[in-house]
Amino acid sequence: MSLRSKINLIIFQTLVFSLIFALFGRLFYLQIIESGKYKDAAISIQSRDVVTPAVRGAIADINGTPMVVDLPGLVVSINRIEIDKQPDKGVKVLAQVANLFKLEYSDIYQRTRLCGELPKDNRAGCWNGTRYQPIPLVGNASQDLALKIMENSDLYPGVEVQSVPIRSYPSLEGENAAHLLGYVGAVTDEDLKNPEINYYRNEVVGKTGLEINYNQYLRGTPGVRTFLVNRKEVVTKQNKNIQAVAGNNLITNIDAKLQAAVEKSLEAAVKRARSSGYRGDSGAAVVLEIKTGRVLAMASYPTYDPTIWQKGLTVKQAEDLFSEAKGVPALSRPIQGLFAPASTFKAVSVVAAAKAGYPLNASYNCPATVEIGNRTFKNFDSIAAGRIPLDLGLAISCDSLWYQISYDEWVRDGGLKPKSSPNDYFFKAAKDFGVGLLTGIDLPSELKGRLPDRQWKQNWYEQNKDFYCNYKNRAKKADLTAYLIEIARENCIDGNKVRAGDAVNFSIGQGDTLVTPLRLAQIYAAIANNGTYYKPQVARAIVDVDGKLIKEFKPVVADTIEVEQSTWDFLHRSLRMVVTRGTAAGVFSGFPVEISGKTGTAQVFGKNPNGSAKDDTSWFASYGPTQDPQYAVVMMVSQGGFGASTSGLGVRNIYEALFGVSGNKVTPEKAIFPNGVPSTIAKVDLKKVAAKVDLTGVKVDGVKLK
């Protein structure tokens, strides 16, 4: 054998031995070093998890009265995998279920369709989970109907009945609180993608309100039993068993009895507006504790039955929740409704005028009209009051004196050619009170309102200039009136300028200024508290099932408004005069508790769906008792007419409940807080539920209710 052949053989042998060595090395690595990892992977392929959702924590009022609690119930669900295997894709079975529960087949069909299976404009009530988890059809089903399905399983293939915790609303004090509490729903694909939380398919999670904001505390820990199965899906053994741990309870600052009274007063105010000839399409009411920012009650009208999410939302119910004709019940108006504050805003203008150097104890002209440029600005009802003190001007709600003050300040700031650093006292005062900012309440989807200052005008102009400069081509035919065409021309030329009309409208809470009812309540709490106002808080504390404190939510100062004490003294005196000598005197006549406040009647531009002109927005913002303010109470009724007769009377009714007023007398034992707002953290009393709900033998959080 030649030398070259020997060298080639050696190289070949070396290569073969290297490959063999690498192969054995890899086998050693996989079978010895990494054996545990791949053993676990193999087991996981053959494992099956059975998840038991945890009992969700209760949500209670400030006294421990449950407003939301998980109770055992029967849920009828559809297994899409089994349904889809049937020749008719489950049409017959779904029709039978619809007939059994007296439901519309179209609703049943819609609820069992994945949202992705339906057109984008027809997804109301669709299933946002996957076909691999049971799709709930009927929550809290009666035992009789559930047994019919269980005893006739051959007639209902793919229909399942399970006993699961169901979110229940005992309404022990008659409260609704749907917008505050929120609702729960099935885990979605988006929830499952959350890297911070390990969700399971058959869990329910918070979707809105307190349910979503405090979901991490209320949720609990689901129980998981893991079984090992062979290739034939036969269980070979149980690998692990983790018991479910109930969620913690949420104690709120809401008083259920006060909440019910506020809801009743608000509904009565809306209906009173309608009986007076106004449209009265919606409303909101808020009660804050002034010295802490605690939300003691908050109502929105119209509302909805919170149990519809558990019973099974029909297509009609889903559509009605967002229907303008129905008043959009899904909208939480205290934090999502944006409205011009009208004359309630004049309290902010007082602070602006004081900082601008206008003497608060002086007298000012209150003419019927004021000419500014080529426009005539009218006083309310075009009534002249002559020369009057400023406090009386606030009490009788004179607009025209504010036209003059705000116009003078606009001129001093340079008018249409503003100074490089204008004083902008009115804008700055509004900003100090938080207008245009979020209050930071512990509820989702709050809107921040609008402060139409110079920066806002510039941003608005940049977004809308093209439309106004091409108005005749882009506007609807119905909007091509001479007046609107002229407005469009002005906006095209200098829509980024703060005009004289903008300034005078701003001073009386009209024009582009928008606030939520919650923000206005916070403003009046700040006035009552000499400039210090707090972040509104609904939650009081998180406690476990044994009542042990997990987390306490203490009051948080949001801001402090720096003005002279004489300005606050003036406002306190003037706002009391509103109730004794001014626009609210008739409504509060004979009321035994001193209340201070301000009426507001906001003009609204636009038309209703039926073509009628929109009615005024009714406001009443207040605090009381005047000498030692404890509560700020605000009510707003959209298209409700006058502030005093609609919202003012509604606020009086709320104070009657707060202080225990009957007729013209105070009955202390009937007051909501006879000893003041509770300072201690209550324990959730689940036994209270047993008095209203038949829970014989049922245990919740390990507590036997009855």
Could you tell me whether the side chain of [X] and the main chain of [Y] form a donor-acceptor pair under 3.5 Å?
X: D413; Y: P422; result: no
X: N529; Y: A525; result: no
X: K419; Y: R412; result: yes

When you compare the side chains of [X] and [Y], does any donor N or O come within less than 3.5 Å of an acceptor on the partner?
X: K598; Y: S397; answer: yes
X: D569; Y: Q565; answer: yes
X: Q639; Y: N608; answer: yes

Do you know which two heavy atoms are closest between [X] and [Y], and how far apart they sit?
X: T646; Y: A269; answer: CG2-O, 3.5 Å
X: V677; Y: I62; answer: CG1-CD1, 3.6 Å
X: N379; Y: Y403; answer: N-CE1, 4.5 Å

| said: Tell me every residue that passes ring pair (Phe, Tyr, Trp, His ring centres under 6.0 Å) with F433, counting only those two or more places apart in sequence or in another chain. | reply: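 Counting only residues at least two positions away or on another chain, F433 forms no ring pair (Phe, Tyr, Trp, His ring centres under 6.0 Å).
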| query | Angle class for the Y468/Y471 ring planes (parallel below 30°, perpendicular above 60°, tilted otherwise)? | reply |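 Aromatic pair Y468/Y471 classed parallel.
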Does [X] have more than 12 heavy atoms from other residues, nucleotides or ligands lying within 6.0 Å of its [atom1]?
X: R581; atom1: CZ; answer: no
X: K465; atom1: NZ; answer: no
X: E371; atom1: CD; answer: yes

| Can you tell me how far CG of L575 sits from OG1 of T580, rounded to the nearest 0.5 angstrom? |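 Rounded to the nearest 0.5 Å, the OG1-CG separation comes out at 10.5 Å.
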| request: Determine, step by step, whether Q404 and D408 satisfy the side chain to side chain donor-acceptor pair (under 3.5 Å) criterion, reporting the C-alpha distance in whole Å, the side-chain angles of both residues, the deciding distance to 0.1 Å, and the verdict. | output: CA-CA 6 Å; Q404 298 167 85; D408 288 346; over 6 Å; no
| request: Check the pair S300, S332 against side chain to side chain donor-acceptor pair (under 3.5 Å), reporting the backbone distance first and the verdict last. | output: CA-CA 6 Å; S300 183; S332 179; 5.1 Å; no
| Flag side-chain contact, heavy atom, 4.5 Å: W402 against Y364 |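 Counting from C-beta outward, W402 and Y364 never come under 4.5 Å.
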| query | Run the side chain to side chain donor-acceptor pair (under 3.5 Å) check on Y655 and S622 step by step: do they pass? | reply | CA-CA 10 Å; Y655 279 121; S622 68; 2.8 Å; yes
